[in-house]
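Working notes, structure below.
Each ligand, and each atom within it, is numbered from 1 in the order the structure gives.
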Amino acid sequence: MSVQRAAEMLCGSRSAVALTGAGVSAESGIPTFRGAGGIWSQYDPVKVASIDSFLEDPSAYWKVSKERGPAVLAARPNPGHMALAALERAGHLVGVVTQNTDGLHQDAGNHRVIELHGSGRMVQCLDCGARERRADVQSRLDFEMPPRCKTCGGVFLKPTVVLFGEAMPILAVEEAFALARAADVMLVVGSSLVVYPAAQIPFAAVESGAELVVVNAEPTHLDRLAKVIIRGRSGAVLPEIAALMSAVQD
Ligand code: APR
Ligand code: ZN
């Protein structure tokens, strides 16, 4: 049974690493980007989430962000996040590399979280560098579109996330690949694995000898390399794996 097999692999691991995507936060009420109900089926990411489109007209980004705002700001860690934090506490997970910008792994209690695409919890003015909490901007979006910088009045108030066409945070990327290359088990959860370089990370792990566990609601192109594939909701699967692991430990 794959959940049992995954639990055994993680119990025997000394350097397991998780790579997570939007699917791990779906059960916290944050819509995914692709797959069933994904937001990129409603919007063209190049038109609303690229650095070029942002510099041309920040309101294209902010109109979508305003709509997603309440769900993202209200989101709390779900049992899948909590299970990954429990695995780290029990010494079965070295770290979480995430594509998500919602901060829910940190809220759940994971300490080593590498945010490949930055954090959506802060915004920064591209004109004067002033930073502000994203939560504080939400209340102005009804009458200020795009929102203006409270310090200089500039209109280029950008979340501290990586937009399409923007450079990745090089230190985070280097740390993520170093963890992957040292991993003996790579646990991929809730990602369609279509955005690079994040999608390259599990390959790097497998190339360096790691065994792969994929927990995803839909097939991914990495399934063919996986030792274990668990088709299901991470909010149910991850706690099951964690429970089996603590049973094995007792
Ligand atoms: N449990 C497990 N998997 C799930 C769940 C769930 N509850 N709900 C959805 N999924 C799966 C979907 O089937 C899909 O394969 O999670 C995957 C989410 O894929 P994406 O929405 O493409 O998210 P992600 O892989 O993180 O996207 C990568 O793309 O738009 C950019 O910057 C954005 O970080 C994002 C990147
Ligand atoms: Zn400013």
Exercise. Please report which non-hydrogen protein atom sits nearest to atom 1 (N) of ligand 1, along with the residue it belongs to and the distance in Å to one decimal place.
Key: Ser234 N, 2.9 Å
Quiz item: With under 30° as parallel and over 60° as perpendicular, where do the rings of His81 and His105 fit, or are they tilted in between?
Solution: perpendicular
Practice problem: Report the nearest protein non-hydrogen atom to atom 32 (O) of ligand 1: residue, atom name, distance rounded to 0.1 Å. | Solution: His117 ND1, 3.5 Å
Quiz prompt | Atoms in ligand 1 with a heavy atom of Gly190 nearer than 4.0 Å | solution = 3 (N), 16 (O), 17 (C), 18 (C)
Quiz item: Considering only the protein, which heavy-atom contact is closest to atom 19 (O) of ligand 1, and what is its distance?
Solution: Ser192 N, 3.3 Å
Quiz item: If you measure from each non-hydrogen atom of Glu218 to ligand 1, which part falls under 4.0 Å: side chain, backbone, both or neither?
Solution: both
Practice problem: Mind checking salt bridge (Lys or Arg N to Asp or Glu O under 4.0 Å) for Arg231 and listing every partner two or more places apart, or none if nothing turns up? | Solution: Asp223
Exercise. Any atoms of ligand 1 less than 4.0 Å from a non-hydrogen atom of Trp40? List them with their elements.
Key: 30 (O)
Quiz item: When only distance counts, is Phe33 in polar contact with ligand 1, meaning an N/O pair under 3.5 Å?
Solution: yes
Quiz item: Does the side chain of Thr101 come under 3.5 Å of the side chain of Ser119 through a donor N or O and an acceptor N or O?
Solution: no
Quiz item: Taking non-hydrogen atoms only, is Gln99 closer than 4.0 angstrom to ligand 1 via side chain, backbone, both or neither?
Solution: both
Quiz item: What do you reckon, does Gly80 put a non-hydrogen atom under 4.0 Å from ligand 1?
Solution: no
Quiz item: Would you say Asp184's side chain and Ser15's backbone share a donor-acceptor pair under 3.5 angstrom?
Solution: yes
Quiz item: How far is atom 6 (C) of ligand 1 from its nearest protein heavy atom, and which residue and atom name does that atom have?
Solution: Gly23 O, 3.4 Å
Practice problem: Please name all residues satisfying side chain to side chain contact (heavy atoms under 4.5 Å, CB included) with Ala83, sequence neighbours left out, ordered by chain then number. | Solution: Leu238, Pro239, Ala242
Self-check item: Sub-3.5 Å N/O-N/O distance, Arg233 and ligand 1
Solution: no
Exercise. Let me know which of Met82, Glu88, Arg89 forms a side chain to side chain contact (heavy atoms under 4.5 Å, CB included) with Asn110.
Key: Glu88
Quiz item: Taking N or O atoms only and a 3.5 Å limit, does Ala22 qualify as a polar contact for ligand 1?
Solution: yes
Quiz item: Are Val113 and Val189 in one and the same hydrophobic cluster, where Ile, Leu, Val, Met, Phe, Trp and Tyr link if side-chain heavy atoms are under 4.5 Å apart?
Solution: no
Quiz item: Can you get from Val237 to Val214 by hopping between Ile, Leu, Val, Met, Phe, Trp and Tyr side chains that sit under 4.5 Å apart?
Solution: no
Exercise. State, without any angle test, whether Ser53 and Ser50 hold a side-chain donor-acceptor pair at a distance under 3.5 Å.
Key: yes
Quiz item: For atom 29 (O) of ligand 1, what's the nearest protein heavy atom and its distance?
Solution: Arg34 NH1, 3.0 Å
Quiz item: Considering only heavy atoms, does Thr32 approach ligand 1 within less than 4.0 Å through its side chain, its backbone, both, or neither?
Solution: both
Quiz item: Which of the atoms in ligand 1, numbered in the order shown and given with their element, are less than 4.0 Å from a heavy-atom of Asn216?
Solution: 3 (N), 11 (C), 13 (O), 14 (C), 15 (O), 16 (O), 17 (C)
Quiz item: Which is it for Arg148 and Leu157 under the side-chain contact (heavy atoms from CB on, under 4.5 Å) test, yes or no, and what are the steps along the way?
Solution: CA-CA 6 Å; Arg148 290 180 169 275; Leu157 209 46; over 6 Å; no
Practice problem: Taking Gln124 for its side chain and Gly129 for its backbone only, find out whether a donor-acceptor pair lies under 3.5 Å. | Solution: yes
Exercise. For ligand 1, indicate whether the residue Ser191 contacts it via side chain, backbone, both or neither (heavy-atom separation under 4.0 Å).
Key: both
Quiz item: Taking atom types as modelled, is there a side-chain donor on Asp57 or Ser59 under 3.5 Å from an acceptor on the other?
Solution: yes
Quiz item: Short list, please: which atoms of ligand 1 are under 4.0 Å from a heavy atom of Ala26?
Solution: 8 (N)
Practice problem: Report, in ascending order of atom number, the atoms of ligand 1 lying under 4.0 Å from any heavy atom of Glu27. | Solution: 1 (N), 6 (C), 7 (N)
Quiz item: Between the side chain of Asn216 and the main-chain N/O of Gly232, is any donor-acceptor distance below 3.5 Å?
Solution: no
Practice problem: Could you grab the angle centred on the Zn ion (ligand 2), going from SG in Cys128 to SG in Cys152, to 10°? | Solution: 120°
Quiz prompt | Short N or O distance, Ala217 and ligand 1, threshold 3.5 Å exclusive | solution = yes
Practice problem: Using a strict cut-off of 4.0 Å, indicate which atoms of ligand 1 neighbour a heavy atom of Gly232. | Solution: 1 (N), 2 (C)
Practice problem: Give the numbers and elements of all ligand 1 atoms closer than 4.0 Å to a heavy atom of Gly21. | Solution: 26 (O)
